[in-house]
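Structure, as structure tokens:
In what follows, every chain begins at residue 1, and chains take the letters A, B, ... in the order their sequences are listed.
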Amino acid sequence: MKARKPQILKGFRDHLPRQMILRQRMMAIVREVFERHGFEPLDTPAIEYLEVLSGKAGENEKLMYHFSDQGDRAVGLRYDLTVPLARVVAMHQNELVLPFKRYHIAPVWRSEKPQRGRFREFWQCDADIVGSPSMLADAQVAAVMIDALSAIGLPSFTIRINHRKLLESLARAAGVPDAQAVGVYRVIDKLDKIGSAAVGAELDGSGIPASASARVLDLVGRTGEPGDVLAGLREELVEIPGATLAVDELSELFRYLRELQVPSDRYTLDLALARGLDYYTGPVFEATVEEPQVGSVAGAGRYDGLVGTFLGRSVPATGMSLGLERIIEVVEQFNLLPIRSSVADVFVPAFPDAIEAAARITGVLRGAGLRVDQSVQPQRSVGDQLKYAGRKEISIAVIVGTSEAAAGVCNVKNLCTGVQETCPWERVVDQVRSFLEHEETGA
RNA sequence: GUGCCUUUAGCUCAAUCGGCAGAGCGCCGGUCUGUGGAACCGGAGGUCACGGGUUCGAGCCCCGUUAGGCACCCCA
């Protein structure tokens, strides 16, 4: 018989139990934080009409998976979770309470060239607020993002904050022609990555006036206490349309962040931050870690134009997106969430002559709410069976052979320490719990 | 999508000039009849990623493909 060749698409991966245990644990943490901040769950289909998905992606549309379905409809796999949100808001206006705060943890698909921390199928954890133009909404989005990253235990992350309209004002103030502004944003966004000398060189080569290039670098490179930097810019840019509003909005945002008790070492003003250029309209945020180099682990911002593309009228919205895979890269590198490779707490081996007794004990333990993996290999030696338990990192074994069964007792063995206690059947649950508690207190 | 690098046992990696396919760890078995991990002894496991080409002869050279990585692009 010729076997089929098992193969998997580039950029797609299997998640074996060990990885799934970690992934599910992280998603549980994120969900918990989202709900603590008052966001509610939402899910949408993986496939949408191409027309629905297309609106905002801009030049990224070429990265979108798209095809014809059996009914010849032009469809695509969702590229992010934000466009489906906008569609949901437009379709269910009457059923939703506005402002609408939802979270969405689900896979998205992009046909990118895979690299470390970059896949073609990956999970995003989004939290968005639709229907509020207030900077308070942006502050809450930043707060939930920082809270989620902290809850996972990322050791050193900062979120950089900027304002799309402020960036536009800075470029205009520097004398960058509007037609070249987008190109300039892209270049200065690399400031923290390649340094001001390299950025200056790229700007000079991009055809903008030399004076503008130098002035942009000066403006965008300012650092210091956000309040001071913003106050300085407010004066300097008073002539630039939109600049005052942008500065005021950012100042307001920083005030709210302080009052929300977001640790101030977790965020910073970065006037060079650009981010996705196609749809952000207000404050923008980006979370990065120094190690490992996996790009940004989360992004956020205000996008007042997107929802309106489905409604024909403007609907303010702001939200954040956390990249599960990239965060997992960090978590694994620093072993931030130690996990066992089994979900079971207890292992029950089987003896050929005492299978029924082991089964009965298994039932009792499960009835008490314990997670029990009962051996299905009674023909193997007990040594082999315990070896299996050891490989799966199960910490406790409950051993019942013929003599124990006859005496109405069982041996409860701590597989980490080798300590074994013999106890009557009616005490077995207590004995197991006692071992488990010792383990949790980290002895 | 563009450029460059990589692909040999389950894993990490060797293999001189083109000349018999190797190690460590892991796995399996035994020492050890009902109590794992240690030690010792033994064993299995390979289409050298796949498909072509050059050559007396290819893991090694050439072309194509697959997958992974790095840089760009973009982004989580």
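Taking only distance into account, the side chain of A:Arg186 never meets the base of B:C74 through a donor-acceptor pair shorter than 3.5 Å. Interface remark: the A:Ser111 side chain does not form any donor-acceptor pair with the B:G1 base, using a distance-only criterion of under 3.5 Å.
Between the side chains of A:Tyr303 and A:Asp128, at least one donor-acceptor pair of N or O atoms lies under 3.5 Å. Side-chain atoms of A:Gln124 and A:Asp80 form no donor-acceptor pair, as typed in the model, at a separation below 3.5 Å.
As judged by a 4.0 angstrom heavy-atom cut-off over every strand, A:Glu404 is placed among the base-contacting residues. At a threshold of 4.0 angstrom between heavy atoms, the contacts of A:Ala389 with the nucleic acid are absent. Within the 4.0 angstrom heavy-atom criterion, base atoms lie near A:Arg326. Nucleic acid contact for A:Gly401: base, since at least one base atom lies under 4.0 Å from a heavy atom of the residue. Residue A:Lys413 is in base contact, counting any heavy-atom pair closer than 4.0 Å across all strands shown.
Whole-Å rounding puts the A:Asn411 CG to B:G36 P distance at 13 Å. When rounded to the nearest whole Å, the span between CG of A:Leu9 and C1' of B:U66 equals 11 Å. The CD-P distance, from A:Gln115 to B:G68, rounds to 11 Å in whole Å. For the pair A:Gln385 CD and B:C28 P, the interatomic distance rounds to 14 Å; values are reported in whole Å. One can place CD of A:Glu112 at 12 Å from P of B:G1, the figure rounded to the nearest angstrom.
Partner assigned to B:U55 is none, using Watson-Crick or G-U wobble distances below 3.5 angstrom. In a base pair of the Watson-Crick type (N1 to N3 plus N6-O4 or O6-N4) or a G-U wobble (N1-O2 and O6-N3), with each distance short of 3.5 Å, B:A14 is matched with no nucleotide. Remark: B:C48 base-pairs with no nucleotide in the shown strands. Criterion, Watson-Crick or G-U wobble with two distances under 3.5 Å. Remark: B:A39 base-pairs with B:U31. Criterion, Watson-Crick or G-U wobble with two distances under 3.5 Å. Summarising the base pairing, B:C60 is matched to no nucleotide, lacking a Watson-Crick or G-U wobble pair whose two defining distances lie under 3.5 Å.
Stacking between A:Phe351 and the base of B:G34 is absent under the criterion of ring centres within 5.5 Å and planes under 30 degrees.
Here the side chain of A:Ala298 is nearest to one of B:G34, B:A76, B:G68, namely B:A76. Minimum atom distance to the side chain of A:Ser296 is reached by B:A76, of the listed B:C74, B:A67, B:A76. Distances were taken from every side-chain heavy atom of A:Gln124 (C-beta onward) to each of B:A67, B:A76, B:U35; the shortest belongs to B:A76. Among the nucleotides B:G68, B:A76, B:U35, the one closest to the side chain of A:Arg118 is B:A76. Comparing B:G68, B:G34, B:C75 by their nearest atom to the side chain of A:Arg110 picks out B:C75.
Of the C1' atoms belonging to B:U65 and B:G37, the separation is 45 Å, rounded to the nearest Å. Atom P of B:G51 sits at a distance of 25 Å from the matching atom of B:C13, rounded to the whole Å. Between the P atoms of B:C61 and B:C17, the separation comes to 12 Å (whole Å). Nucleotides B:A71 and B:C40 have their P atoms positioned 44 Å apart, rounded to a whole Å.
Aromatic ring orientation, A:Phe12 versus A:Tyr65: perpendicular (interplanar angle above 60°, classes split at 30° and 60°).
Look at A:Gln420 and you won't find any side-chain N or O under 4.0 angstrom from OP1 or OP2 of B:U35. In terms of phosphate contacts, A:Lys62 brings no side-chain nitrogen or oxygen within less than 4.0 Å of OP1 or OP2 of B:G1.
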Identify every side-chain donor-acceptor pair in residues 342-362 of chain A under 3.5 Å, counting partners at least two apart or on other chains, and give the distances.
from: A:Ser342; atom 1: OG; to: A:Ala344; atom 2: N; distance (Å): 2.9
from: A:Asp345; atom 1: OD1; to: A:Arg340; atom 2: NH2; distance (Å): 3.2
from: A:Thr362; atom 1: OG1; to: A:Ala358; atom 2: O; distance (Å): 2.8

Validation: residues 135-149 of chain A side-chain donor-acceptor distances under 3.5 Å, sequence neighbours left out:
from: A:Asp138; atom 1: OD1; to: A:Arg302; atom 2: NE; distance (Å): 2.9
from: A:Asp138; atom 1: OD1; to: A:Arg302; atom 2: NH2; distance (Å): 2.8
from: A:Asp138; atom 1: OD2; to: A:Arg302; atom 2: NE; distance (Å): 3.2
from: A:Asp138; atom 1: OD2; to: A:Thr318; atom 2: OG1; distance (Å): 3.0
from: A:Gln140; atom 1: OE1; to: A:Lys101; atom 2: NZ; distance (Å): 3.4
from: A:Asp147; atom 1: OD2; to: A:Arg36; atom 2: NH1; distance (Å): 3.4
from: A:Asp147; atom 1: OD2; to: A:His37; atom 2: NE2; distance (Å): 2.7

Could you write out each protein N or O paired with an N or O of nucleotides 2-13 of chain B at a distance under 3.5 Å?
from: B:G3; atom 1: O6; to: A:Lys113; atom 2: NZ; distance (Å): 3.4

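To the nearest 0.5 Å, atom CD of residue A:Glu168 and atom OG1 of residue A:Thr281 are 9.5 Å apart.
A salt bridge links A:Lys190 with A:Glu202: the distance from a Lys NZ or Arg NE/NH1/NH2 to an Asp or Glu carboxylate oxygen falls below 4.0 Å. Ion pairing between a basic and an acidic side chain is recognised when a charged N comes within 4.0 Å of a carboxylate O; A:Arg13 and A:Glu325 show such pairing.
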